[in-house]
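On a predicted model such as this, the values are computed, not experimentally measured, just so you know. Just follow the structure's listing: the first ligand is 1, and inside any ligand the first atom is 1. For this chain, numbers begin at 1 and follow the sequence in order.
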Amino acid sequence: MESFQELHRDDTFCFFCHPGIACFNNCCGDLNQFLSPYDILRLKNRLKLSSQQFLEKFTECHIGPRTGLPVVSLKMSANNGLKCPFVNRTGCTVYEDRPGACRTYPLGRIAARKPGEKECKESYFLIREPHCLGFSEETKWTINEWKKSQALETYNRMNDLMMDIVGLKNRSTKGRLSEEEIDLFCMACYDLDRFKDFVFKKRLWENSCVSNDLGELELKDDIALMRFGIEWIKGRLFGNAE
Ligand code: SF4
Ligand code: SF4
């Protein structure tokens, strides 16, 4: 059974994952691997696919039972022992663009942001799983060392944008999303290329209540567009109820 251990800022843990370890690749399968908008953006660019092609080929979407919001997860290969579609004998084939959750392990992260606050409060815990032999290795890490080694800051910052939507939904009195709202949510958050067409066709930056200075030119940048999409859907579904 896995166990969880709370970690404080200066605590250290031993861990090292490498191709020579006996369990190498064993953990890259049979996962509930949720993908954030930023995970999808990095992976679809890596694979040179449109967001629509990526979503169709590699993911499935369902409504989160607790949040009532659409959630995208990586589709494990049913005809290959439920392995992650991106693992092969030599390891992760999308390593430089692997999702945030793959980078965070063996840590787990809890983050929360109060309405109106800029900074997130985050805490970390260690997920010890018996099959993972990485804990028997001698390399020591603090939380910050691990975050740096996995380039987690950018992922965390981007992924926290979604946390704000969940917080907004939890605080609102809004019930189930309609089919149209689900489609808009999926487009704005996950299907960035479709959203880009939508934004430019409707010139959305001109008549959106999103409070930023983004114009036509800035929205050609994927990260700016992704941020705009998340802000736009907040306004569209919850009326900017912060
Ligand atoms: S994306 Fe890479 S690291 Fe993550 S589960 Fe798949 S193969 Fe493993
Ligand atoms: S089980 Fe642990 S040590 Fe083994 S490959 Fe996965 S993360 Fe690395």
Test Phe200 against Trp205 for ring pair (Phe, Tyr, Trp, His ring centres under 6.0 Å), laying out the working first. CA-CA 8 Å; Phe200 283 91; Trp205 62 92; 5.3 Å; yes
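Atom CD of Glu119 is surrounded by 12 or fewer heavy atoms from other residues, nucleotides or ligands within 6.0 Å.
The set of protein atoms (N, O or S) found at less than 2.8 Å from atom 6 (Fe) of ligand 2 reads Cys27 SG, by chain and number.
Numbered from 1 in the order shown, with element, the atoms of ligand 1 that lie under 4.0 Å from a heavy atom of Pro99 read 1 (S). Atom numbering of ligand 1 starts at 1 in the shown order; those under 4.0 Å from a heavy atom of Leu31 are 5 (S). The ligand atoms of ligand 1 that sit less than 4.0 angstrom from a heavy atom of Cys102 are 1 (S), 3 (S), 4 (Fe), 5 (S). Taking every heavy atom of Cys84 and a limit of under 4.0 angstrom, the matching atoms of ligand 1 come to 1 (S), 5 (S), 6 (Fe), 7 (S). Applying the 4.0 Å criterion to heavy atoms of Val87 picks out, from ligand 1, the atoms 7 (S).
Classified by interplanar angle (parallel below 30°, tilted 30° to 60°, perpendicular above 60°), the ring pair Phe195/Trp232 is tilted.
Proximity of a side-chain donor or acceptor of Asn144 to a complementary backbone N or O of Arg9 within less than 3.5 Å is not detected. Checking side-chain atoms of Asp193 against main-chain N and O of Ser51 turns up a donor-acceptor pair under 3.5 Å.
The pair Asp183-Arg194 counts as a salt bridge, with a side-chain nitrogen and a carboxylate oxygen less than 4.0 angstrom apart. We find that Arg109 and Asp160 are joined by a salt bridge, their nearest charged nitrogen and carboxylate oxygen being less than 4.0 Å apart.
The shortest distance between side-chain heavy atoms of Tyr105 and Cys132 falls below 4.5 Å. Residues Met76 and Leu31 have side chains in contact (heavy-atom distance under 4.5 Å, counting atoms from C-beta outward).
Atom 2 (Fe) of ligand 1 has its closest protein heavy atom at Cys92 SG, 2.4 Å.
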